[in-house]
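Since this is a predicted model, take the numbers as computed values, not measurements. Both counts, for ligands and for their atoms, begin at 1 and track the order of listing. The chain is numbered in sequence order, starting from 1.
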Amino acid sequence: MKQIKIVGNKTLKGEIKISGAKNSAVALIPAAILSDQVIIENVPNISDVNALDDILNYLGAEIYKEEDKLTINAKKVNNKPITEEFSNMLRASYYFMGALLARFKKAEMYFPGGCKIGARPIDIHLMGFEKLGAKIENEGNKYTITANKLIGTEIDLPFPSVGATINILMAATKAEGVTIIKNAAMEPEIGNLVDLLIDMGAKIEGKDTNTLTITGVKKLSGGKVKVIPDRIEAGTYILAGVMNGDNLVISNMEPNHLGSLLGILEQIGANITVGKNQVIASRSLNLKPIDIVTDVYPGFPTDLQQPITSLLIMANGISHIKETIYENRFQNVKYLDEMGADIEINGDTITINGPSKLIGKVVTTSDLRAGAALILAALSAEGETTIKEVKYVLRGYGNIVKKLTNVGAEICLEDV
Ligand code: EPZ
């Protein structure tokens, strides 16, 4: 089991360069199946990417890795059922549904893995495939999706699901005729995939809007894309700077991808300076409390709900955070309270009574962003904190120990 140890209260000074976005890379890599050869640059060094590479290899793709550049040759890919073990490795395994369906008119796999932060059904994905003419057979958690033909149509999403938008988008690229996806998600990661698909020869209009119009084509070939900076990684390190920074520079990022985070930090009096592709953050005292409601993009990102909880523990007063996207995304709270925080969970809302002094403890994480929240708390706590089960964190934060060590944190990763 992997664990991280942190001795808190060290000032974070210097520069953290943000990596490519996990939630982009995990869509771009399966999309390679739609083409013969694609090049993906700025790929983050995270275990979710390794898992997807393993699945592509299993399907017969050839992958060449040069630092953060992946060249994926998918000419020899053949259609095989994606095993339960592979399907369970991560949430994004389900992108092979849309990609295999588009290329082979058939996809077989199991219910995807991913952080246990809610039921996370895939009904919207399946509804979209059916609307395109696919037949869905489901036995237990195994899915077999087949289509004689995929026919373009209008698909109105009941919720702007990121994953469903991406999956249906991929399936529609090679459908006959025009597909219109209404109430599509608008997270920047989707625009990054649209760029790759268009570079492969797909016909897509409406990038970064809630209506995507796809005119199916017979063949896709080539394709090159650079993964956009990870806005959630950037937000996490900005919060670290606001808690413990001395002009901590978070660079190689897109401030306008952060949704309402920067506005909220300014509202509570955080010491941040926003540049073109960087944010400088310093320890901020006398922070004001605030009420936050998570929302789809460009609202406050649910993926930063747990990390910002750790910051609001330091605010002078009572803050509330309402989680509207997932039904079980407060698993960091009990450990923060053990470290000295005063947080109550009331249904979909937490009440954070600050300020509190945090003391290092032995804690455990059960999901990626809960782990990030515990790391932020540990960086501020008195003494040493041990965070167990950090494999979840390594899924989404590339080189986190090195990045934090380079700016002065006392942090180490252990295998026990
Ligand atoms: C993506 O998950 C991200 N994961 C999540 O990031 C992120 O929290 C989420 O989008 C929202 O921004 C990846 O991109 C790999 P959704 P996804 O479909 O696609 C419900 C992280 O920490 N829903 O927009 O699964 C679902 O249950 C991860 O990096 C249905 O009901 O998100 C959830 O409550 C966590 N039916 C809500 O919609 C469906 O068919 C949002 O899901 C699909 C989703």
Between ligand 1 and A164, is the shortest N or O to N or O distance under 3.5 Å? no

Would a 4.5 Å heavy-atom cut-off, applied to side chains only, mark T146 and K105 as touching? no

Decide yes or no on salt bridge (charged side-chain N to carboxylate O under 4.0 Å, His left out) for E137 and K135, but give the supporting numbers first. CA-CA 7 Å; E137 290 163 66; K135 186 158 90 41; 3.1 Å; yes

Using a 4.0 Å heavy-atom threshold (strictly under), name the region of Y297 that reaches ligand 1: side chain, backbone, both or neither. neither

Does the protein place any heavy atom closer than 4.0 Å to atom 20 (C) of ligand 1? no

Top protein contact for atom 22 (O) of ligand 1, by heavy-atom distance: R369 NE, 2.9 Å

Report yes if some N/O of L368 lies less than 3.5 Å from some N/O of ligand 1; otherwise report no. no

With distance as the sole criterion, is a donor-acceptor pair present between the side chains of Q306 and D367 under 3.5 Å? yes

What I want to know is whether A119 and ligand 1 share at least one N or O pair that is separated by under 3.5 angstrom. no

Y64 versus E62, side-chain donor and acceptor atoms under 3.5 Å: yes

Atom 42 (O) of ligand 1: closest protein heavy atom, distance to 0.1 Å, is Y326 OH, 4.1 Å

Give yes if a backbone or side-chain nitrogen or oxygen of I124 is under 3.5 Å from a nitrogen or oxygen of ligand 1, and no if not. yes

Validation: residues 191-202 side-chain donor-acceptor distances under 3.5 Å, sequence neighbours left out:
{"from": "N192", "atom 1": "OD1", "to": "S24", "atom 2": "OG", "distance (Å)": "2.8"}
{"from": "N192", "atom 1": "OD1", "to": "I228", "atom 2": "N", "distance (Å)": "3.0"}
{"from": "N192", "atom 1": "ND2", "to": "K226", "atom 2": "O", "distance (Å)": "3.1"}
{"from": "D195", "atom 1": "OD1", "to": "K207", "atom 2": "NZ", "distance (Å)": "3.0"}
{"from": "D195", "atom 1": "OD2", "to": "K207", "atom 2": "NZ", "distance (Å)": "3.0"}
{"from": "D199", "atom 1": "OD2", "to": "K224", "atom 2": "N", "distance (Å)": "2.7"}

Distance-only polar pair, side chains of K403 and S19, donor-acceptor under 3.5 Å: yes

What protein heavy atom is closest to atom 12 (O) of ligand 1, reported as residue, atom name and distance in Å? V162 CG2, 3.9 Å

Does an N or O from T302, backbone or side chain, lie closer than 3.5 Å to an N or O of ligand 1? no

Evaluate salt bridge (charged side-chain N to carboxylate O under 4.0 Å, His left out) for E189 paired with R231, printing each intermediate quantity in order. CA-CA 10 Å; E189 293 78 35; R231 59 198 173 93; 2.7 Å; yes

Show every donor-acceptor pair shorter than 3.5 Å between a side-chain atom in residues 48-57 and any protein atom, with sequence neighbours excluded, or say none if there are none.
{"from": "D48", "atom 1": "OD1", "to": "R395", "atom 2": "NE", "distance (Å)": "2.9"}
{"from": "D48", "atom 1": "OD2", "to": "R395", "atom 2": "NH2", "distance (Å)": "3.2"}
{"from": "N57", "atom 1": "ND2", "to": "D53", "atom 2": "O", "distance (Å)": "3.2"}

Judged by non-hydrogen atoms, does R329 sit under 4.0 Å from ligand 1? yes

